[in-house]
Enquirer: 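Structure in structure tokens, see below.
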Amino acid sequence: MMITMLVTYRGDEQTPFDRDYWINVHFPLVRESWGPYGLISAGGFFPDGDGAGLIAVGIVTFRDEAAMGAALNSPETTRVMADVDTVTAVKPQRGIVTPL
């Protein structure tokens, strides 16, 4: 059963966040790095208006929980996480969306 991980970034309008890099460089890196482990899709959006402190949300979907675990424990994850530092100094938080 597919599983989706939400990756959230908190901040405000003063928090540096390179939106263009995140969408056009970071997500292709995520897809390239985790695709072989069962990644189905990866993308993100920026909450409009009062995002209750959220400045960006990544949506990363895997084939199943085992695929997500394999990707997160892969050597490529070091590169993916290091690339986040190019986007922002904010440390992302991960959460799992429970399938219905």
Side-chain angles (χ1 to χ4, degrees):
M1 177 180 300
M2 286 192 306
I3 189 163
T4 298
M5 178 174 60
L6 295 181
V7 182
T8 57
Y9 297 83
R10 294 195 166 277
D12 59 28
E13 62 276 350
Q14 303 301 316
T15 304
F17 195 97
D18 189 336
R19 291 177 169 211
D20 183 60
Y21 184 94
W22 192 57
I23 294 296
N24 296 308
V25 178
H26 182 72
F27 278 114
L29 172 64
V30 168
R31 289 188 286 273
E32 173 189 321
S33 298
W34 291 344
Y37 297 97
L39 177 75
I40 294 173
S41 65
F45 70 94
F46 307 99
D48 194 22
D50 181 11
L54 288 176
I55 57 173
V57 178
I59 304 167
V60 186
T61 302
F62 293 92
R63 177 181 61 238
D64 53 30
E65 193 169 349
M68 182 179 69
L72 293 176
N73 290 306
S74 73
E76 291 84 358
T77 295
T78 301
R79 185 172 166 216
V80 169
M81 295 311 297
D83 193 58
V84 169
D85 294 337
T86 304
V87 177
T88 183
V90 174
K91 296 302 173 201
Q93 301 296 309
R94 290 186 225 158
I96 305 301
V97 176
T98 306
L100 296 175

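In what follows, every heavy atom counts, from backbone to side chain, and hydrogens, waters and symmetry copies are set aside. Count residues from 1 along the sequence.
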Enquirer: Determine whether Ile3 and Ile96 satisfy the following criterion, side-chain contact (heavy atoms from CB on, under 4.5 Å), listing intermediate values before the conclusion.
Expert: CA-CA 7 Å; Ile3 189 163; Ile96 305 301; 3.4 Å; yes
Enquirer: Given Tyr9, which partner from the list Trp22, Phe46, Phe45 fulfils the ring pair (Phe, Tyr, Trp, His ring centres under 6.0 Å) test?
Expert: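 Going through the options one by one, the only one that passes is Trp22.
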Enquirer: So, for Val84 and Pro92, which heavy atoms are closest and what is the spacing to 0.1 Å?
Expert: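 In terms of heavy atoms, the two residues are closest at CG1-CD, 4.0 Å.
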Enquirer: Give the C-alpha distance, both sets of side-chain angles, the deciding distance and a yes or no for side-chain contact (heavy atoms from CB on, under 4.5 Å) between Val7 and Gln93.
Expert: CA-CA 6 Å; Val7 182; Gln93 301 296 309; over 6 Å; no
Enquirer: Using the rule given for side-chain contact (heavy atoms from CB on, under 4.5 Å), can you reason through Leu72 versus Tyr37, listing the C-alpha separation, both sets of side-chain angles and the distance that settles it, and then say yes or no?
Expert: CA-CA 9 Å; Leu72 293 176; Tyr37 297 97; over 6 Å; no
Enquirer: When rounded to the nearest 0.5 angstrom, what distance separates CZ in Arg31 from CD1 in Ile40?
Expert: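 It comes to 13.5 Å.
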Enquirer: State the CD-CZ distance between Glu32 and Arg79, to the nearest 0.5 angstrom.
Expert: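 Spacing of CD (Glu32) from CZ (Arg79) equals 5.5 Å.
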Enquirer: What is the distance from atom CZ of Arg10 to atom CG of Leu54, rounded to the nearest 0.5 Å?
Expert: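 Arg10 atom CZ to Leu54 atom CG measures 4.5 Å (nearest 0.5 Å).
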Enquirer: With rounding to the nearest 0.5 angstrom, report the CG to CD1 distance, Asp18 to Ile23.
Expert: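 Taking CG in Asp18 and CD1 in Ile23, the distance rounds to 10.5 Å.
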Enquirer: Which atoms form the tightest heavy-atom contact between Phe62 and Ala71, and what is the distance?
Expert: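 That would be CE2-CB, 3.5 Å.
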Enquirer: With rounding to the nearest 0.5 Å, note down the distance linking OG1 in Thr8 to NZ in Lys91.
Expert: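 If I round to the nearest 0.5 Å, the distance is 14.0 Å.
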Enquirer: At their closest point, which heavy atom of Ala42 faces which heavy atom of Leu39, and how far apart are they?
Expert: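 Closest heavy-atom pair between Ala42 and Leu39: CB-CD2, 4.3 Å.
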Enquirer: Rounded to the nearest 0.5 Å, how far apart are OG1 of Thr61 and CE of Met5?
Expert: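 One finds 9.0 Å between OG1 of Thr61 and CE of Met5.
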Enquirer: Looking at Gly11 and Ile55, what are the two nearest heavy atoms and their distance?
Expert: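 Nearest pair, atom of Gly11 first, then Ile55: C-CG2, 3.5 Å.
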Enquirer: Going through the distances and angles, do His26 and Thr86 end up as a side-chain contact (heavy atoms from CB on, under 4.5 Å)?
Expert: CA-CA 9 Å; His26 182 72; Thr86 304; over 6 Å; no
Enquirer: Determine the minimum heavy-atom distance between Ala67 and Gly38, stating which atoms define it.
Expert: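 So the two residues come closest at CB-CA, 3.9 Å.
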Enquirer: Under the side-chain hydrogen bond (donor to acceptor under 3.5 Å, both in side chains) rule, what do Tyr21 and Asp83 come out as? Steps first, then yes or no, please.
Expert: CA-CA 10 Å; Tyr21 184 94; Asp83 193 58; 2.4 Å; yes
